[in-house]
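What follows is a single structure, written as structure tokens, with notes after it.
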Number of protein chains: 2
Amino acid sequence: MKMSELSERSGTTVATLKYYLREGLVPAGESLGATRADYSEMHLQRVRLVRALIDAGVSVAQSKRVVETLDSPPTSRHDLLGKAQYALPASHPDVAVSAEVTDLVAGLGWQVSPDSPALRSLTGAIAAARSAGVPLEPESLTGYARATEGIAAVDVAAVPRDDLAAALHRVVAGTVLVDPVLAALRRLAQEHVSSGAT
Amino acid sequence: MKMSELSERSGTTVATLKYYLREGLVPAGESLGATRADYSEMHLQRVRLVRALIDAGVSVAQSKRVVETLDSPPTSRHDLLGKAQYALPASHPDVAVSAEVTDLVAGLGWQVSPDSPALRSLTGAIAAARSAGVPLEPESLTGYARATEGIAAVDVAAVPRDDLAAALHRVVAGTVLVDPVLAALRRLAQEHVSSGAT
DNA sequence: TCTTCATGGATAGTCACACTACCCACGGCC
DNA sequence: GGCCGTGGGTAGTGTGACTATCCATGAAGA
């Protein structure tokens, strides 16, 4: 398809598409001479992914890291999570993992790499909440953790079995884009639970 | 305390504090004449809350709505959730609630107001994820919803019983600031679950 | 063939946001 | 009496995400 069609179908202006191309968020189309290029369904998908990431609050620079990862698929299923974790935008990337977090994970019996960026994110997020007057007792954290096991079970079940590239796409895009879904569900569940209904 | 002390203890420059005061994010201190004012522990708490919200990605304008809500506490426990939902920053505030979301909530047996902003956020978040190639099957959504019930149970259990103002603070701040904690836990749980350990 | 128009490629401009810097006048405080 | 911290105000800064304009080219319709 032509750029104008890519623009229409993705709901993105041509100027913005050019910007994404410049920034490397979307690969160049197949050149058909100096003044024409052909874009495929893959390009359309990519533009939609980039738009969804940016609308979800991910910066252009972080989005670039994400899509670059998608362009170099993992060699094995075992690589999947590692590649995804490394590509995903992480908050508080430079705090030191607290002993509390280490103990929490150990107490849960979770098998996670001590280098996982999520450990740093968790440490930072807990500190931020507490500094704002949200106590976050250890038993609350344990309760939250048990609930996220259920979330992760759904996540893992939804990953395609055979196609590694599709699996990586699902893990990376799903991790970022399902967070807002979970946040909304959490608010609804709060309303339900606090209404006292069974 | 003096403004300089408030600045030190909150880790915020005097210039930024003045900015927050101007924008109404922090109430003025008690005036001690024309060139001096006294700030209390409440002001320090408020500054830390504002900083945490802004660091979490909430805009200044939205943060103002949040803290304004805290300044007019609810008259009853019943008001709590309503006031909080109304004050909290919501994504996709102007989409129409989809039938799928209505059916999902009904199928779960959840009691929620049909006007809840979270229904709109959920509709928008699902649409955003799908447009980026994350399918989100109905059974996945149901699974996520069941897991968020556990999260909400922890949330509700952590709300102070007697002090309504403290309860509102906890609900509002907790809802926004615990989201990143849950996101980090989710990533760790993914790693654990996908490792195949029981 | 002539004209129109979309494209690639590049540069510069815009807009919102969250500060940040500077200024002034005043009034405690040593 | 001099100096610093403050309230109050205005203006400037840096970043991020576009957005607008320009130009040369070449495809496609009249």
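Below, read A as the first sequence line, B as the second, and so on, with proteins coming before strands; counting in each chain starts at 1.
Nearest to the side-chain atoms of A:K2 among the listed nucleotides C:dT20, D:dT6, C:dT7 stands C:dT7. Residue A:V60 has its side chain nearest to D:dC18 when only C:dA18, C:dG27, D:dC18 are considered. Which of D:dT19, C:dA18, C:dT20 sits closest to the side chain of B:A15 comes down to C:dT20.
The existence of a salt bridge linking B:E149 and A:R146 is excluded, since no basic side-chain nitrogen approaches an acidic carboxylate oxygen closer than 4.0 Å.
Residues A:Q111 and B:E191 fail the side-chain proximity criterion, which asks for heavy atoms closer than 4.5 Å.
Atoms CG (A:D38) and C1' (C:dG8) sit 15 Å apart, rounded to a whole Å. Protein atom CE of B:M1 is 12 Å distant from nucleotide atom P of D:dT6, rounded to whole Å. Regarding A:L32, its CG atom lies at a distance of 14 Å from the C1' atom of D:dA28, rounded to whole Å. Per the geometry, CG belonging to A:L25 stands 9 Å off P belonging to D:dA17, to the nearest Å. At whole-Å resolution of the value, CD in B:E23 and C1' in D:dG9 are 13 Å apart. For the pair A:R36 CZ and D:dA24 P, the interatomic distance rounds to 18 Å; values are reported in whole Å. Between A:K18 atom NZ and D:dT19 atom P there is a gap of 14 Å when expressed in whole angstrom units. For the pair A:R22 CZ and C:dT11 C1', the computed distance is 9 Å after rounding to whole Å.
At C:dG8, one or more side-chain N or O atoms of A:Y39 fall inside 4.0 Å of OP1 or OP2 (strictly under the cut-off). Checking the phosphate oxygens (OP1, OP2) of C:dT20, a side-chain nitrogen or oxygen of B:T16 falls inside 4.0 Å. For the pair B:Y20 and C:dA18, the criterion of a side-chain N or O lying under 4.0 Å from OP1 or OP2 is not met. Not one side-chain nitrogen or oxygen of B:S59 sits closer than 4.0 Å to the OP1 or OP2 atom of C:dC17. Under 4.0 angstrom from either OP1 or OP2 of C:dG8 there lies no side-chain N or O belonging to A:S31.
Side-chain N/O atoms of B:Y20 and B:R51 include a donor and acceptor closer than 3.5 Å. With hydrogens and angles left out, the side-chain atoms of A:S7 and A:S4 include no donor and acceptor closer than 3.5 Å.
Annotation: of the two residues near DNA chain C, B:T35 and B:I54, the 5′-most nearest-nucleotide partner is B:I54.
The residue A:A37 sits close only to the backbone: its heavy atoms come under 4.0 Å of sugar-phosphate atoms, none of a base.
Geometrically, A:R9 does not engage A:Y39 in a cation-pi contact defined by less than 6.0 Å to the ring centre and at most 45° from the axis.
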